[in-house]
Amino acid sequence: MSHPTNLPAWQALQKNFEQTRNEHMREMFEKDPARAERYWLEVGGVHVDFSKNRINDTILANLVDLAKQSGLQERMQQMFNGEKINQTENRAVLHVALRNRSNRPIKVDGQDVMPEVNSVLKRMGEFAHAVRSGEWLGYTNQVITDVVNIGIGGSDLGPYMMCTALEDFGHPRLNMHFVSNVDGAQLRDTLEKVHPETTLFIIASKTFTTQETLTNAQTARKWFLKEGSEKDIAKHFVAVSTNKKAVAEFGIDTDHMFEFWDWVGGRYSLWSAIGLPIMLYLSEENFIEMLEGAHEMDNHFINTPLEKNLPALLGLVGIWYINFYGGGSQVIAPYDQHLHRLPRFIQQLDMESNGKQVQMDGTPVQTETGPIIWGETGINGQHAFFQLLHQGTHVTPIDLIASLEKRSNLPGHHEILLSNVFAQAEAFMRGKTPEEARAELQAQGVSADRIDALVSHKTFSGNRPTNMILLDRLNPRNLGSLIAMYEHKVFTQGVVWGINSFDQWGVELGKQLAKTILAELTNTIDPQKHDTSTSRLIRLYRQVNCAEDGTCDLLK
Ligand code: F6P
């Protein structure tokens with residue numbers, strides 16, 4: 001497989017980099033004020049100003065050429081047509097089918113997947129309606145008040161993020177809980193807040209083999225059976241999975257299972273039955289709105305020339321920093337309290353997709369790949385880690401995300417919030433020159449000696465890239481579009497790097513080793529050969545948790 005570094009566009013970009021690396025965005029804006037208008041795209045209710053990036057028309061044209069020479073458009077067609085582009089798992093990648101509101105046939109192995117997609121969506125809708133309306137009753141004929149989603153990774157992060165983000169649309173009777181950690185503290189804390197008679201558990205696992213989820217699910221089941229009986233389980237436990245057999249073995253009637261398919265990646269699954277908590281909380285109509293928003297972004301992505309293609313351009317501008325500036329991290333900073341889980345969601349989406357070291361054909365990559373994604377609500381970040389973003393030594397692109405419409409009717413709050421996000425973008429771009437810092441200190445009457453000592457500390461280099469991502473308002477449709485935008489951004493980057501964005505073999509080794517270590521911690525096998533550090537850790541654990549006769553806290 002050829003490496004992106006061998007493509008003519010890559011070499012052209014390398015030259016662009018040498019020529020422009022010392023140019024400052026301040027001057028770019030002064031010379032070309034129209035860039036604010038040119039580097040601005042809107043799709044549905046999502047507006048993106050990407051003008052505060054270290055780019056110009058030539059760089060953008062070469063980035064678009066890079067995408068073309070990497071075969072992005074062909075790969076997009078293959079994904080949307082259900083071809084098995086996840087080669088290492090021999091699977092299609094069809095989260096776009098889950099929100100294919102046009103209902104055009106999409107075939108996998110000659111079979112249209114849409115009838116099944118629609119049928120599961122219909123069942124989810126019926127179930128959500130029954131729970132929300134109070135028609136679905138618990139074993140003592142009480143309505144459901146609490147929903148506990150037990151899942152991890154993609155079976156947790158998406159629904160959790162969406163339910164948190166769209167809380168304003170949530171059903172007033174339903175309290176949503178998300179349990180992912182196998183640390184018993186999380187499940188215990190949750191169970192203390194709920195009652196078996198009024199709680200619905202959703203056991204969400206694509207594979208239904210994930211140790212953390214199954215352990216939590218078993219414990220929840222035992223807790224339930226202290227008050228309810230086996231036959232009551234049907235009213236309080238449902239499963240979401242691709243693995244019918246394992247669901248049945250666990251003891252959940254497969255009539256109470258909502259299915260999805262191996263062509264839905266875990267981190268791309270919130271649009272599938274994994275989104276059941278979202279539908280329960282927000283309603284079927286709002287879930288469909290979310291799908292509509294994503295579909296609008298899908299249509300934009302597949303139909304728009306790359307020069308005006310929002311997810312593709314965001315991906316390409318990201319590559320510009322990662323591969324040419326050596327900026328290996330990316331901050332997600334939502335200026336919205338309800339979006340506080342968004343950075344974590346995008347972290348899995350991006351890092352599990354593009355954290356790869358070999359190309360499709362198994363040969364090592366020759367460039368950096370996926371960035372380290374991190375972040376927090378922007379306003380809190382300003383008072384914590386933004387110092388490094390302004391004056392540290394790294395080039396860290398930042399996505400600033402906010403909604404234009406007021407988020408509460410509390411006077412003054414939204415204006416302060418939005419003035420901050422706009423000001424941060426301006427500050428990151430402009431910086432403050434030593435002359436400006438000096439003039440400011442002089443105006444404050446600071447002594448000459450003190451000014452000399454302070455000027456360099458009060459200087460901001462600026463020239464730090466941001467994307468300003470504004471939603472008309474935070475609603476299911478716009479959030480659907482936003483998430484789909486990030487999915488396609490990640491896809492674009494993966495295609496340019498020639499990697500498989502849809503497998504995740506890197507998570508396996510730890511899981512494998514943990515099996516042996518678990519047997520050692522519980523004394524069910526003799527100590528195994530490890531490095532001395534690992535052996536010492538195991539011994540220490542056993543000293544604390546095992547009795548002298550060698551009996552340990554066994555998993556019961
Ligand atoms: O271990 C990583 C992973 O496989 C993720 O890719 C996935 O989202 C998560 O675990 C949960 O998997 P499952 O839904 O099969 O329980």
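On a predicted model such as this, the values are computed, not experimentally measured, just so you know. Order of appearance sets the numbers: ligands from 1, and atoms from 1 within every ligand.
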Member of Glu289, Glu292, Glu487 meeting the salt bridge (charged side-chain N to carboxylate O under 4.0 Å, His left out) criterion with Arg99
Glu487

Answer yes when [X] and [Y] have at least one side-chain N-carboxylate O distance shorter than 4.0 Å, and no when they do not.
X      : Y      : answer
Asp503 : Lys356 : yes
Arg101 : Glu296 : no
Asp350 : Arg267 : no

Do any nitrogen or oxygen atoms of Arg267 come within less than 3.5 Å of a nitrogen or oxygen of ligand 1?
no

Output yes when a protein non-hydrogen atom is found under 4.0 Å of atom 10 (O) of ligand 1, and no otherwise.
no

Region of Thr207 engaging ligand 1 - heavy atom pairs below 4.0 Å:
both

Heavy-atom distances under 4.0 Å are what count here, so tell me which part of Gln504 touches ligand 1: side chain, backbone, both or neither.
side chain

Taking only heavy atoms of [X] into account, list the atoms of ligand 1 that are under 4.0 Å away from them.
X      : result
Thr210 : 12 (O), 13 (P), 15 (O), 16 (O)
Lys511 : 1 (O), 4 (O)
Glu352 : 2 (C), 5 (C), 6 (O)
Gly154 : 7 (C), 8 (O)
Gln348 : 5 (C), 8 (O)

Taking the six-membered ring for Trp and the full ring for Phe, Tyr or His, determine whether the centres of Phe201 and Phe224 are under 6.0 Å apart.
no

Using every non-hydrogen atom in the two residues, find where Asp232 and His236 come nearest and quote the distance to one decimal.
O-CD2, 3.4 Å

Would you compute the distance between atom CG of Asn545 and atom CG of Leu521 and round it to the nearest 0.5 angstrom?
8.5 Å

